[in-house]
Amino acid sequence: MELSSKYNPQETQDKWLKFWKDNNIFHLKADGHKRPFTIVIPPPNVTGILHMGHALNNTLQDILVRYKRMNGFQALWMPGTDHAGIATQNVVEKQLAKEGKTRQDIGRGEFLKRLWAWKKEYGDTIISQLEKLGSSCDWSRTRFTMDDDYSNSVNEAFISLYNKGLIYQGTRIINWCPRCQTALSDEEAEHKEKNGKLYYIKYPIKSSVNLESSVNPSESCQSLLKSSVIASEAKQSFYIVVATTRPETMLGDTAVAVNPADPRYSQLIGRTLILPLMNREIKIIADDFVSADFGTGAVKVTPAHDPNDFLMGQRHNLPKINVMHPDARINEQGGKYSGLDRFEARKQVLADLETLGCLDKIEDHKNAIGHCYRCDTVVEPYLSKQWFVSMKPLAKPAFEAVQNNNIRIHPAHWTKVYNNWMENIQDWCISRQIWWGHRIPVWYDNKGNVFVARSRYEAMAQAEAKHGMTVDLIQDEDVLDTWFSSWLWPFATLGWPKDNEDLKYFYPTDTLMTASEILFFWVARMIMAGYEFMGNKPFSDVLIHGTVRDAKGRKMSKSLGNAIDPLEIIDEYGADALRFSLIINSGQDIFISKEKFEIGRNFANKIWNASRLVFMNCSPTLDTQGLNLDHLDLPSRWILARFYDTLEKVSHCIEQFRYSEAEILIQDFFWGNYCDWYLELIKAQFTDTRIQKTAVFVLENSLKMMHPFIPFVTEEIYSKLNVSDICLSRAAWPIRQGLLIDTKADLQMQSVIDIIGAIRNIRTQWNIKSHDTLDVYIIPSEDGIKAVLEDNSLHIQRLGRLKDLVINASIAPVKNSATALIGSTKVFIPLTGLVDLNAEKIRMNTAIDQKKKNVDSLNIRLHDPVFTLKAPEDIINKERERLGTLNKEIAALESVLANLA
RNA sequence: GGGCGGUUAGCUCAGCUGGUUAGAGCAUCUGACUUACAUUCAGAAGGUCGAGGGUUCAAUUCCUUCACCGCCCACCA
């Protein structure tokens with residue numbers, strides 16, 4: 001058995017990545033003899049490369065799936081990538097723009113070719129990057145959301161919903177991104193609070209008496225007001241003031257609305273206004289939507305550019321005037337502003353209103369403006385014909401599943417967020433006016449009849465049946481929202497709608513791990529799709545993990561330049577280091593700076609070196625089978641007990657999704673117990689084969705326990721052991737062996753550790769050179785401890801660096817010593833000349849005082865009848881015991897104090 | 001506007017169903033004979049658990065008010 005003196009993570013990674021791949025280690029099939037366990041990967045977008053969020057997300061999944069596999073499950077981790085519609089189209093458009101071209105220039109076919117080339121390159125890259133992380137996916141099953149089979153699943157889902165009446169086409173106000181020139185769903189419009197303005201605009205009232213004839217299209221607001229002085233006898237305002245944040249939309253106004261109960265305006269309902277700039281006559285209408293206490297209580301109504309106004313328009317039968325081109329330039333309906341960009345038009349409109357005297361005032365106003373989640377352009381509420389999914393019927397079973405714990409979300413507080421969204425769910429706009437994606441499976445004939453079909457061929461057949469003759473059909477130009485394909489991921493990847501062995505065996509999947517950002521986009525919709533298409537939940541547990549942020553708490557992003565590249569970390573520190581450090585830091589959100597990766601690097605290095613020590617001293621043919629506790633020394637019994645205790649806790653933590661805690665336990669055990677104590681203690685005893693056996697046994701099983709977290713270094717060391725498994729990734733999780741656990745060992749070992757600790761403490765306290773050996777006298781408190789200390793006196797001597805050690809209950813306290821107390825066991829270190837006795841006295845007194853304080857408060861409590869009456873018996877007993885112990889300790893300290901000269 | 005989280009050592013966080021003297025890592029300070037490891041080892045110092053009130057024999061833990069920070073959702077123009 002031999003390990004190189006310096007650990008080389010990169011070499012190890014390369015070796016095992018190749019080994020796993022060459023031996024198909026993670027390829028799994030349905031196997032009726034084993035229980036299935038399935039995780040589907042949140043498919044990364046093919047837009048880019050691995051970032052820290054991916055690294056965290058996939059490490060979490062890998063830990064769980066490796067753990068399950070080691071526990072005998074047929075644990076499948078399904079990998080793949082997402083075509084990410086708009087996002088990918090955008091990056092390729094940008095690439096094209098560098099050549100000075102647009103997608104329209106090269107046409108749909110050519111553009112799609114470019115996209116597929118991009119997908120090939122970046123899809124492969126990200127998969128290989130996931131591999132580098134150590135992800136134990138079944139790579140032979142890698143899926144892409146636009147694979148042929150997958151596209152069939154998408155069509156099937158569309159058709160099924162359409163046939164049930166849950167997909168419909170409608171002309172509505174949707175979120176429109178003028179840059180991407182496509183519709184977005186509500187979720188794809190990110191609302192950002194901005195400091196904007198609220199503009200108050202005067203809309204002149206057309207006088208029923210005097211002004212009718214004088215109004216002409218060119219007349220200004222100013223003159224209108226002048227002439228309306230005549231109308232003052234009517235004792236009415238000459239204009240009505242409306243407030244708006246988007247003044248340019250007034251070009252499309254077709255009414256002004258007030259609340260029917262608002263006394264200020266009740267007289268005016270039904271009157272006609274002159275829309276400034278456009279000089280269009282519009283009516284004042286009454287609608288409950290308008291609240292009297294906001295702004296002026298009067299609202300301009302623009303049915304083609306605002307969702308509420310749209311609804312009001314429908315209620316009042318108002319014309320819907322669309323004043324914008326798809327790129328948000330004003331169109332010919334906008335009169336003289338035609339051709340101007342919306343923001344340019346806003347400036348112009350305001351300037352013109354000002355000139356006319358129709359701009360009443362401008363106030364600062366905070367409001368949330370929707371931005372495209374892919375390009376950050378301000379979205380425009382825009383009237384257009386789109387496809388929608390009715391969500392309420394789909395949401396019902398999905399809501400209930402979480403409600404009745406059929407699906408559990410962790411941490412549980414996310415359930416509330418989920419419920420809140422589900423309860424307020426709106427219909428989902430699924431059509432996108434882009435080219436990259438699943439073409440909507442809908443064809444039209446020249447009369448506008450709709451044929452929904454799996455293929456053109458099928459649509460043609462439908463049309464022929466309808467018309468009795470062959471007719472020309474045109475397919476809908478639009479593609480589906482990318483999430484309309486990813487919501488099928490848990491079963492489409494397993495072959496749905498085709499009924500097959502894998503689907504039956506691996507579905508429902510078990511655990512889904514993802515970041516909170518896509519709870520609505522993806523998780524909630526997958527749950528809906530699972531019940532809708534499979535009649536069953538897609539997974540049982542959802543783990544929502546935090547976002548990776550930089551040390552200042554900012555999201556990592558390319559534009560901020562604060563991103564740490566996981567691949568750079570893998571090259572510099574190793575994949576194990578990356579994984580270990582990320583997980584141990586993962587609480588809620590996780591704050592990462594480059595130095596944090598030293599934690600994992602150092603730990604891997606520690607494991608390597610501890611193994612080297614063992615390997616240098618233990619026989620290569622050692623068989624750890626048949627290890628038993630008979631006459632085994634205390635440190636060995638102790639490390640075994642500690643191992644099994646840790647193993648149980650670690651297993652529990654993994655099951656509970658408490659991974660950082662699991663890593664802390666592992667580190668505490670391996671570094672804090674095995675390396676710092678056990679290996680240090682046995683260094684002088686390596687000739688003992690039973691100790692060798694124990695050392696190797698614990699190492700071997702620790703490697704298994706650590707493997708899900710740090711697969712590479714553990715594989716490498718494990719492969720050098722005398723084991724029969726093909727590799728550690730195929731080994732079994734250790735099982736608790738009661739026969740190897742001595743429950744008393746922990747307590748006994750603790751007193752040895754404490755004694756050594758006390759000696760070391762005194763050494764530093766009194767500044768004693770480490771090469772000065774000491775004499776130590778111990779007066780054990782009882783025979784049990786005496787025996788333990790005697791058995792381990794060599795250890796105490798060696799680690800305490802002692803010349804002489806006397807353990808004797810009947811010796812007199814040693815004068816002029818530094819003293820320590822372990823329980824009631826007294827430790828004396830004669831230090832005449834080295835120790836300032838007064839200082840030592842002060843030290844003793846402080847200790848006594850502190851203990852006395854504790855005694856006092858305990859006494860008060862124990863003599864309080866309310867406490868003794870109400871507190872549970874075991875608590876009272878514990879307190880009594882503690883009082884007894886404290887008193888003994890005080891007595892011991894006092895006797896020591898008395899002996900200080 | 002609604003909802004959700006957070007506030008514990010200089011920093012980053014643990015602390016699960018209330019019960020001894022509130023833990024860890026990093027940073028700091030002191031020291032290091034020893035070829036497994038300086039990516040190391042030993043030791044120390046550091047906290048009125050955000051503020052007030054309440055429930056309880058007992059509160060970092062449960063309830064409540066407040067302050068500050070963060071996130072999500074939302075059609076008040």
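Lettering of chains follows the sequences in order, A, B, ..., and the numbering in each one begins at 1.
- A:Lys416 is linked by a side chain to side chain donor-acceptor pair (under 3.5 Å) to nothing, counting only residues two or more places apart in sequence or in another chain.
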> Reading nucleotides 59-65 of chain B from the 5' end, what letters show protein touch, with B for base, S for backbone sugar-phosphate only, - for no heavy atom under 4.0 Å?
Replying inline: -------
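- Computed from coordinates, the A:Ile682 CD1 to B:A36 P distance equals 13 Å when rounded to whole Å.
- At a threshold of 4.0 angstrom between heavy atoms, the contacts of A:Ala257 with the nucleic acid are absent.
- Side-chain contact check for A:Tyr373 and A:Glu190: no donor-acceptor pair (N or O, by modelled atom type) lies under 3.5 Å.
- The nearest whole Å value for the distance from the CD atom in A:Glu595 to the P atom in B:A27 is 10 Å.
- Aromatic ring orientation, A:Phe657 versus A:His410: tilted (interplanar angle from 30° to 60°).
- When the P atom is compared between B:G10 and B:C75, the two are found 44 Å apart, to the nearest whole Å.
- For A:His191, a side-chain nitrogen or oxygen approaches OP1 or OP2 of B:C75 to under 4.0 Å.
- Between the side chains of A:Glu363 and A:Tyr200, a donor-acceptor pair is found at a separation under 3.5 Å.
- Put simply, A:Asn761 has a side-chain N or O that comes within less than 4.0 Å of OP1 or OP2 on B:A44.
- Under 4.0 angstrom from either OP1 or OP2 of B:G1 there lies no side-chain N or O belonging to A:Lys366.
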